[in-house]
Amino acid sequence: MFLAFGLIVIGLVALVLGGELLVRGASALAAFLGVSPLIIGLTVVAFGTSAPELAVSVKAGISGQADIAVGNVVGSNIFNILFILGVSALVSPLVVNSQLILRELPLMVLVSLVTWGMAASGSIGRIEGLVLAAGLIAYIAWSVIESRRESQAVVQEFAEEFDKPPKSRWGLILQLLWIVLGLIALALGSRWLVDGAVLIARQMGMSELLIGLTIVAVGTSLPEVVASITASLKGERDIAVGNVVGSNLFNLMCVLGLTAGIIPGGVPVASSAIWQEMPVMIAASVMCLPIFFTGHRIDRWEGGLFLAWYVLYTLYLVLVAIDSPLAPTVGSLALFGGVPLTILILLISVVFSRSSGPELPSEAGK
């Protein structure tokens, strides 16, 4: 057991360090090559923070631990929305001015639904995985085109954070070194984390899917936690939200797509993931729509609502893991009590936002 936890801790440290080095090096290299800071923030950084998920899911898939691969992606997306956006909004209300991010939100819901439809047969095949990966290429091209229509204020926010090219040849070499070291750390960290997770699952009698949804998903999402909460503290709210939305899209199209595409026969998907976890992921994505498309912001109370749902969801997973008789009760309370109450709260929020009229630009920056 100590060996398993040791592998997980060392693996998580290597993954977080590797992701940070990769983001730092890739962002600077992209800036050196003349890539727009907005595109760096919405694609390069989102990919970099999703690199731990990619490394872990590919390693798990190749090793035959498909449940960890799927649980990692689905669990990370749930964690990104409910926990990261929730905590970021509690730190500072998240006002979203970027029209590109507002267009990406429906896309996140759509890709989540498409992925669920692909998995409904019990597996995501190679062709389906390649379709998801091709969708990633189309998404990046679309982001580049749409970014040209952004307001100057949003462009400036991203430029202040990401327009930092190396100023000398040695600076460029250093950034390339960070990329190489980051990739090495990701490869080693993913191996240690998956091996430790499998050991814990076997010794504690827990399913690999559950381990993937909790320990692995939270661990691989740590770069997103740091990036979004730091951006929220700095008042860079478009970056905080864009990081989560971009990472969720990369998780589905790149991480799950490439994992399914490179494994013969694709990735098997457990029935519990199809009928429990994926609907939770979709519901979390859908929760963002009325919030962002009415007031273009997540207030602190809405961040608290997101966080409360993540705590309740995690509590349910823990109760299932220990085979508690309370698990069905908590699940029923969440489904038949929490869901209707949340829908009612969001409807009231939508009506109130519309009756209050559009938010003044000066208020959006507060």
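FYI, the numbering just counts along the sequence from 1. When reading the values below, keep in mind they use all heavy atoms of this one structure, side chains included, and skip hydrogens, waters and symmetry mates.
- Tracing side-chain contacts under 4.5 Å through hydrophobic residues (I, L, V, M, F, W, Y), one never reaches Trp301 starting from Val311; they form parts of separate clusters.
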Does the side-chain contact (heavy atoms from CB on, under 4.5 Å) test come out yes or no for Val194 and Val56, once each step is laid out? CA-CA 7 Å; Val194 171; Val56 168; 3.8 Å; yes
Step by step, would you call Leu82 with Leu307 a side-chain contact (heavy atoms from CB on, under 4.5 Å)? CA-CA 5 Å; Leu82 297 182; Leu307 193 57; over 6 Å; no
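- Under the 4.5 Å side-chain heavy-atom criterion for Ile, Leu, Val, Met, Phe, Trp and Tyr, Val286 and Ile343 are members of the same hydrophobic cluster.
- In this structure, Leu315 and Leu319 have side chains that are in contact, with non-hydrogen atoms separated by less than 4.5 Å.
- The two atoms that bring Ala60 and Ala69 nearest to each other are CB-N, 3.9 Å, heavy atoms only.
- Connection of Val13 to Leu183 is not established within any shared hydrophobic cluster, with ILVMFWY side chains joined at heavy-atom distances below 4.5 Å, either directly or through further cluster members.
- For the pair Glu53 and Phe250, the minimum side-chain heavy-atom distance is 4.5 Å or more.
- Taking both residues in full, the closest heavy atoms of Val244 and Asn80 are given as CG1-O, 3.7 Å, listed atom of the first, atom of the second, then distance.
- In the hydrophobic cluster analysis, where Ile, Leu, Val, Met, Phe, Trp and Tyr join through side-chain heavy atoms closer than 4.5 angstrom, Phe306 is grouped together with Leu233.
- Side-chain contact between Glu277 and Val70 is absent, with no heavy-atom pair separated by less than 4.5 Å.
- When side chains are defined from C-beta on, Val330 counts as touching Leu312, because their heavy atoms get closer than 4.5 Å.
- Within the 4.5 Å cutoff, the side chain of Leu110 has heavy atoms near those of the Val114 side chain.
- Side-chain contact between Cys288 and Leu85 is present, with heavy atoms from C-beta onward closer than 4.5 Å.
- One distance of note links OG of Ser112 with CG of Asn248; it measures 7.0 Å at 0.5 Å rounding.
- Residues Ile124 and Ala260 come closest through the heavy atom pair O-CB, 3.5 Å.
- If you chain together ILVMFWY residues whose side-chain heavy atoms come under 4.5 Å of each other, Val180 ends up grouped with Leu3, Leu7, Ile10, Ile184, Leu188, Trp192, Leu199.
- Between Met281 and Ile78, the shortest heavy-atom contact is CA-CG1, 3.7 Å.
- Here the CG-OG distance, from Leu335 to Ser332, works out to 7.0 Å after rounding to the nearest 0.5 Å.
- The two atoms that bring Ala66 and Pro268 nearest to each other are CB-CD, 3.6 Å, heavy atoms only.
- Leu177 belongs to a hydrophobic cluster whose other members, connected by ILVMFWY side-chain contacts under 4.5 Å either directly or through intermediates, are Leu17, Leu21, Leu174, Trp178, Leu181.
- Arg191 CZ: 12 or fewer foreign heavy atoms inside a 6.0 Å radius.
- By the 6.0 Å contact criterion, CD1 on Ile127 is open, its count of non-hydrogen atoms from other residues, nucleotides or ligands being 12 or less.
- Using a 4.5 Å heavy-atom cutoff, the side chains of Leu107 and Trp142 are in contact.
- With rounding to the nearest 0.5 Å, the separation of CD1 in Ile81 from CH2 in Trp309 is 14.0 Å.
- Note: the hydrophobic cluster containing Leu172 also contains Ile179 (ILVMFWY, side chain heavy atoms under 4.5 Å, direct or indirect links).
- Here the CD1 atom belonging to Ile200 is positioned 11.5 Å from the CG atom belonging to Asp195, to the nearest 0.5 angstrom.
- Of the possible donor and acceptor atoms, none in the side chain of Arg126 sits under 3.5 Å from a partner among the backbone N and O of Gly265.
- Side-chain contact between Met253 and Val111: present, with at least one pair of heavy atoms (C-beta onward) separated by less than 4.5 Å.
- Of the candidates Thr220, Asn77, Asn72, Thr115, Asn251 forms a side chain to side chain donor-acceptor pair (under 3.5 Å) with just one, namely Asn77.
- Leu222 contributes atom CG, which lies 9.5 Å from atom OG of Ser76 (distance to the nearest 0.5 angstrom).
- Distance CE/Met278 to OG/Ser272: 10.5 Å, rounded to 0.5 Å.
- In terms of heavy atoms, Asp67 sits closest to Ala270 at OD1-CB, 3.8 Å.
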